[in-house]
Every structure is written in structure tokens, then in C-alpha cells.
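Heads up: the structure comes next, in C-alpha cells.
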Number of protein chains: 2
Amino acid sequence: MYMLDRSLIAGLPPFSGLTRPDLDLILEKARSLRIAAGQPVFEQDAEAHSFFLLLDGHVRVVKTTADGQQVIMRYISAGQLIGIATALGRLTYPATAVAAVDSLALAWPNEAWHELAARYPAFAANTYKTVAARLEETNERVVDLATALVDRRVAHALLRLIEQSGRKTEFGIEISFPISRQDIADMTGTTLHTVSRLLTAWEHQGFVKSTRKRVTVVDAQRLLDHVG
Amino acid sequence: MYMLDRSLIAGLPPFSGLTRPDLDLILEKARSLRIAAGQPVFEQDAEAHSFFLLLDGHVRVVKTTADGQQVIMRYISAGQLIGIATALGRLTYPATAVAAVDSLALAWPNEAWHELAARYPAFAANTYKTVAARLEETNERVVDLATALVDRRVAHALLRLIEQSGRKTEFGIEISFPISRQDIADMTGTTLHTVSRLLTAWEHQGFVKSTRKRVTVVDAQRLLDHVG
DNA sequence: CGACACTTTGATCCGATTCAACCATCGTGG
DNA sequence: CCACGATGGTTGAATCGGATCAAAGTGTCG
């Protein structure tokens, strides 16, 4: 086992405001792991042993219902924590986290959490803010699901995705990881068929551009206006 | 202004594990307020100045969309905190809180938060657990909205309500505050018409019993089985 | 190059909203 | 105290947004 370098995590939001010796101590307790695209980081209902920091790649957090339907709760990009609900008292993971592309993460055993939180209040505070921000974001999603028609929900999902992990290209802003029609449907409570029809229509109108598993938003403002 | 008695908050979840002198100090910073049924405790988008503890009554937390549609995010009952997202960094309230019945609450200025959290780690920890629990609950709701048909969503809402604030009666478990068809519709993303039809059908089948603004679940298990 | 995963598009069907009308209950003030 | 307006609830009919069913096209990778 080689020593992890503090440059890996310096500057990331969860560790902002910590000194270099602090970072070294925090890293001492971590192990790093590589996750191939399509592989799980952790699985729903499994005993929660660790929490994670995504260093590179993209992970989608998915809940599966008793009858097998899937809902994508969120996409996590590099620099963000996952599996932290468990650090705050849960015994099992509430969802499955699957790598959308080959990814790299750090893992800490749950026991390390209290220690870290106690010793580095800034780390704890950052984490709580993350949880609070996710709660608020999820609340917005409930409002969307409860009040908006499918086209609006899909548009909002795309706009959230490019905001959280968009990459500027020649034609607009592209979602920076592969995402299928089915994935978008699983984020918005609809079917791949409906998503396909919407994207085709929007492409004709010049709002978006897409190919297999890649989506680019050409004109976010007009897309937003279009769905009201 | 009279002194608030520590018996008001001793034993409530947010303050569990605190000593009596601690409680007195905490109460010193609070003011109490009476809210008449239908009146707001705080309003969406207003500058957040305080967080609250509901001592008696019931409050519903409502988000209103730009086009005026309402979504009831949750009902808060006595002993629970409200308006805490703001204590964790927000500048405005993300929703409106309206008293469902005449209610009584304590209010602390937001500045008191950091002080209390620093001095009473148990209070802080309890609060973070609350936020984490609400996130998980909201996640479940997203899954429900994204995957379940209306009858299931309404059934789940009723079961959640009787679990969180049910009162045992002769006929079953009654939701312990007045709630209209429209309110239930606003919790589940449907219309009062559909809720009315469902309740009527369920009443014929003996699962529930209801009158104006009062709903009793007669047989939770059979209702749950019925909607799959 | 073939198999598989992903995407498109048409036709049909259904759950739930919308539109419409009416009834019941509550609170209030003359 | 009762009349009346307001709020809440019921129920039918028409309509529609999307799901479902069905089938064929296309890009990708081993």
C-alpha cells in the first residue's frame, strides 16, 4: 500500500479550510478504490461499512423498488461525498451507487466519521451543508414531480445535469458522462419512449443535440422558455 | 415577558440528553409565539431570521410554484424543529409553514444556532439526524412520485400521516388534525377530485372512514395490500 | 461481422385530469 | 336562532397526456 498524496483532496469542498497536516492525517485512514464503469460502489440495503469521496469519474445513485422499478436519485461527480447518510446513523445504504464511467474513490470506514467530525469541525460543517443542500434539491424535485408535466421534468433534469457536470463544446454544453434515454427516464419518472420523442422534437427545434448516450444542450434558455 | 419553563422542552427529541441548567440557558434565548390556525409561522422566500420548535399543534410546510400550484412538503407535529435548513446556511425560507390548528412554538434567532450547536453537541447531533432523516424520507417520496400510480401514493400518504400523528379511536387510527381532500391532493400530486373518489371507494371497502376534514384509517394492512 | 445495447417511431389504450353541476356542513352576523 | 355565504365534498362525462404494445433501425464492441 502506497501513501496517498494530500494533493488528491486539497481544495475539494469537503476539505476546504483544512491544513496540510490535517489532510495527511485524514488520508491515513482512507483507502482508495477503482470502480469500473457499470460496477457498484455500494449496494442498496447492504450493511453500511464506509463512506466515500469520489476523486474521479461519475457515479449514479439509484433506488430500486420492491417491484424492480429504478429511480436515479442523483449523479455524483468528482469531489463529492457519497454514502454519508449512513455515517449519520443509518445501518444500511439507502440506495445503490453505480459508476457511470471508470471511476476512482476514497473510502473511510464509518467509525472514522465521528473521529474526523470531532477533530475537524470544518469537515463536519461542510458535510452537514452538503446534506442540507441535497435535502433542498430533493424537495425541489418533489415539487417538480408533483406539479410539472413530463416535458418540463425532462428539461429540468437536463438543465440540472449540465449545471452540475456540463462540458462546453462547439455546439453548446454537453453532459460530461454517458447517459441513455432510459437513464433520463429513470430520473424523471417516465419511459425511454417519451424521452426519445422529446429529445427528437427538441433537436428539430434546435434546443438540444444528441447521439447515443451523449446529450448536448444547445440553448438552455430557449429550452427552459419552451417548457414554461 | 415571563420565564419559559424548562419542562416545556425537557424530553423532546431535539434536546434529549441535556441537563436542566443547559435547558434553562437554551430557553433564555427563545421567545414563544402563538399561531392561530391558518396563519403562517414563516413564509417562503422571506428573509430567514429564526428557527422554530413546535410545542403544541400541527404545522404544514408548503411550497408554492411560480404558477401558483401548491405542494405540501410535510406536516410537523409537536416536539419537532422547523425552519432549520436556514440555520444551516440558507438566507431565505425554502417554504411556507402554516398552522393547521392553533399552535404554539418557540423561536430562536438564527445567530443562536452556532452558539447552541457549539455548546451542546448533543443538540447539534440531534438536529443533523433530523435533517438526514428528512432527506431519506423525501427520497422515498421521490421514488413514490416517480413510480407509483395515484391510489398507491394517496394510500402511502395516509399511512405516513397516521404513523406520524395518528390518534387511536373506536374505529381505527385517525389523523389527529383537520386535513381536506385538497390537502391530501397537494401532498400526492393529484387533484381533490381523484382523492375524493379514492376515499369514497375505500370507505365502501372498509379501509377508511372520513368526514369533513377528518380521516380515519380503519385497516392499514388491508389498505396497503389493496394498492399493492 | 455478428450480437447486443440503444434509439426511433407508429398505433392503441388507459389513468387521471378537466369540466361541470350539485350537495353538505360550518361559521357568522343580522 | 336561523339564513346565507363560504368552504369543503361528491359524482358524472369528456378529454388528454403518456404509458404500453409493437416493430424496425442504428451505433458499438468483442
Side-chain angles (χ1 to χ4, degrees), chain A residues 36-38 60 65 67-72 98 100-102 144-155 157-158 175 177-205 208-216 226-228, chain B residues 36-38 60 67-72 98 100-102 144-155 157-158 175 177-204 208-216 226-228:
Chain A
R60 64 166 171 273
T65 63
D67 59 322
Q69 294 183 85
Q70 299 208 328
V71 181
I72 297 182
V98 179
V101 294
D102 292 347
D144 226 42
L145 282 164
T147 64
L149 300 183
V150 170
D151 57 352
R152 201 189 234 276
R153 301 206 303 266
V154 172
L158 294 182
I175 296 170
F177 50 83
I179 184 168
S180 70
R181 307 293 184 260
Q182 180 68 62
D183 291 335
I184 297 172
D186 288 347
M187 295 183 73
T188 50
T190 181
T191 62
L192 74 157
H193 309 278
T194 297
V195 172
S196 175
R197 287 183 235 269
L198 285 172
L199 289 184
T200 308
W202 291 342
E203 183 137 11
H204 289 325
Q205 295 172 85
V208 305
K209 234 173 151 306
S210 72
T211 60
R212 191 194 175 95
K213 283 210 173 205
R214 304 244 70 123
V215 179
T216 301
H226 176 70
V227 297
Chain B
R60 62 165 173 274
D67 59 322
Q69 293 182 84
Q70 298 207 328
V71 181
I72 298 183
V98 180
V101 294
D102 292 346
D144 226 40
L145 282 164
T147 64
L149 300 184
V150 171
D151 56 352
R152 200 187 232 277
R153 300 205 303 268
V154 172
L158 294 182
I175 297 169
F177 50 83
I179 185 168
S180 71
R181 307 292 185 261
Q182 180 68 61
D183 291 334
I184 297 172
D186 288 347
M187 295 183 73
T188 51
T190 181
T191 62
L192 72 155
H193 309 278
T194 298
V195 172
S196 176
R197 287 184 235 269
L198 285 171
L199 289 184
T200 309
W202 291 342
E203 181 137 11
H204 289 326
V208 304
K209 233 171 152 306
S210 72
T211 60
R212 176 180 251 244
K213 285 209 171 205
R214 303 245 75 131
V215 179
T216 301
H226 177 69
V227 297

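These numbers come from the heavy atoms of this one structure, side chains and all, not from hydrogens, waters or symmetry mates.
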Does [X] place a side-chain N or O at less than 4.0 Å from the phosphate oxygens OP1/OP2 of [N]?
X: B:S196; N: D:dT10; answer: yes
X: B:R197; N: C:dA16; answer: no
X: B:T191; N: C:dT17; answer: yes
X: B:T190; N: C:dA16; answer: no

- Query: Is the base of C:dT7 touched by the side chain of A:R212 through a donor-acceptor pair closer than 3.5 angstrom?
  - Reply: no
- In sequence, state the C-alpha distance, the side-chain angles, and the governing distance for A:I179 and A:M187, and then conclude on side-chain contact (heavy atoms from CB on, under 4.5 Å). CA-CA 11 Å; A:I179 184 168; A:M187 295 183 73; 4.2 Å; yes
- Message: Need one value for A:L149: base, sugar-phosphate or nothing, where a base atom within 4.0 Å counts as base even if backbone is also close, heavy atoms only.
- Response: sugar-phosphate
- When we call it a touch if two heavy atoms are under 4.0 Å apart, what does B:G38 touch: a base, just sugar-phosphate, or nothing?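 Result for B:G38 = nothing.
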- Below 4.5 Å, heavy atoms only, C-beta onward: do A:D183 and A:F177 meet side chain to side chain? no
- Measure the shortest side-chain to side-chain distance between B:T194 and B:V154 over non-hydrogen atoms and say whether it is less than 4.5 angstrom. no
- Are B:T147 and B:R152 close enough that a side-chain donor and a side-chain acceptor fall under 3.5 Å? no
- Of the nucleotides D:dG8, D:dC21, C:dT18, which one has an atom closest to the side chain of B:H193?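 Within the option list, the nearest is C:dT18.
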